[in-house]
Amino acid sequence: MQKIIITGGAGYIGSHTAVALQQAGFQVVVIDNLSNSSVLSLDGVARITGTHPLFAQVDCTDLESMRAVFEQHSDSVGVIHFAALKAVGESVEQPLLYYRNNLDGLINVLTCMSEFKIPNIVFSSSATVYGVPSVLPVTEETPLQPATSPYGQTKVIGESIIRDTVAANAGLNATLLRYFNPIGAHPSGLIGERPNGVPNNLMPYITQTAAGIRPILRVFGNDYDTPDGYCVRDYIDVNDLAMAHVAALRHMLDGATGVSTFNLGTGRGYSVMELINAFRDATGVDVPYEIVARRAGDVPAIWADASLAGRVLNWHADTPLSETLSSAWLWQQNSEK
Ligand code: NAD
Ligand code: UDP
């Protein structure tokens with residue numbers, strides 16, 4: 001069995017990827033400091049797959065503790081580095097926290113990979129690296145723009161750190177995955193997104209409002225230069241996203257060298273209002289909403305050209321939106337129990 005280390009594996013995308021990796025026959029070692037997650041998600045992974053991932057509660061910024069885990073698992077064939085703080089607003093208020101956590105963590109991962117000769121890394125990047133794109137959809141060739149938040153900057157800089165490290169190190173290969181907007185949960189309802197406090201993101205805000213936890217969804221702006229005036233995003237099912245990590249890893253294990261970069265989206269944009277309506281159609285639940293002012297820093301519209309991942313990784317996001325929204329709702333209902 002090939003062993004994979006996943007940092008941030010107790011989190012939202014990491015736990016779904018742990019399921020996909022275990023179901024694909026990999027042995028999974030999770031490193032997580034549980035700053036934004038709980039071990040319950042790994043229990044969920046175990047209930048779905050029949051196997052509990054190995055787990056080390058370690059902070060990626062603690063190099064000595066990271067070395068100890070990497071030494072123990074130096075037979076790993078790759079690392080998927082999810083661990084990061086991700087709240088855009090918080091990153092504006094506490095930039096050093098974000099730079100330290102996200103960049104020291106990445107540098108320590110790369111240091112340990114080099115010391116223990118682990119050859120392949122998959123990095124969680126984001127569509128945020130494209131800033132406000134002038135041409136849609138965005139391809140991997142679309143020029144990157146300075147990010148609008150310290151969080152976004154950690155992704156732009158993180159990509160550069162990886163490119164420079166691979167260029168200097170013939171034994172290291174990397175895949176940069178630029179996620180668009182991951183939503184939904186595992187169809188079992190056993191794992192899903194656990195936002196800390198009031199959600200910043202649209203999908204958990206919709207499900208929490210549907211559940212009556214929040215009184216009303218605030219829709220940020222209806223005067224954008226888009227077909228219906230609402231912001232447009234490319235919402236990708238988290239299980240499809242998880243499968244892309246397996247495909248990216250296999251691509252490197254099959255011999256791809258250097259740095260590869262892929263957009264991970266559906267290739268289709270939905271407006272905020274389209275998503276609210278699709279949620280009602282999928283679940284039968286009406287979400288009360290009000291239109292409020294635009295949110296500072298929001299990109300009016302962005303969606304992916306994900307055809308490169310289709311061609312090279314033979315990966316497609318094919319879960320219908322209605323299934324994704326139903327899984328999000330099932331998870332919301334289960335997580336209240
Ligand atoms: P998440 O918060 O659910 O998961 C991140 C995990 O990393 C958490 O379990 C947290 O406890 C852990 N972590 C954070 N800092 C750590 C550290 N220093 N040491 C050890 N563990 C640490 O977030 P997610 O949505 O699953 O995001 C995973 C990755 O994908 C992140 O890198 C994020 O920036 C990126 N990403 C997410 C989205 C999204 O919308 N969810 C979009 C684009 C990119
Ligand atoms: N959004 C909204 N109300 C909310 C949260 C988000 O109208 O409570 C909108 C937001 O303006 C954006 C879209 O939903 O147009 C997606 O926002 P999210 O924060 O989920 O993702 P991101 O902006 O990072 O792409």
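Order of listing sets the numbers, starting from 1, for every ligand and every atom in it.
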With heavy atoms and a 4.0 Å threshold, my read on which part of Y235 contacts ligand 2 is side chain
Ligand 2 N/O within reach of [X] N/O, cut-off under 3.5 Å:
X	answer
Y205	no
V219	no
L202	yes

N181 heavy atoms within 4.0 Å reach ligand 2 at atoms 21 (O), 22 (P), 25 (O)
Numbered in order shown, the ligand 2 atoms found under 4.0 Å of a heavy atom of C231 are 15 (O)
Ion pair check, R67 and D62, cut-off under 4.0 Å: no
| request: Determine whether any heavy atom of K155 lies closer than 4.0 Å to an atom of ligand 1. | output: yes
For F82, the ligand 1 atoms with a heavy-atom partner under 4.0 Å come out as 28 (C), 29 (C), 31 (C), 32 (O)
Taking only non-hydrogen atoms of S126 and a 4.0 Å limit, the atoms of ligand 1 in range are 43 (C), 44 (C)
Check: of I13, V58, I183, min heavy-atom distance to atom 37 (C) of ligand 1 comes from I13
message: Against ligand 2, does Y224 come closer than 4.0 Å with any heavy atom?
response: no
field: Face-on cation placement of R294 at Y224 ring, 6.0 Å and 45° thresholds
entry: yes
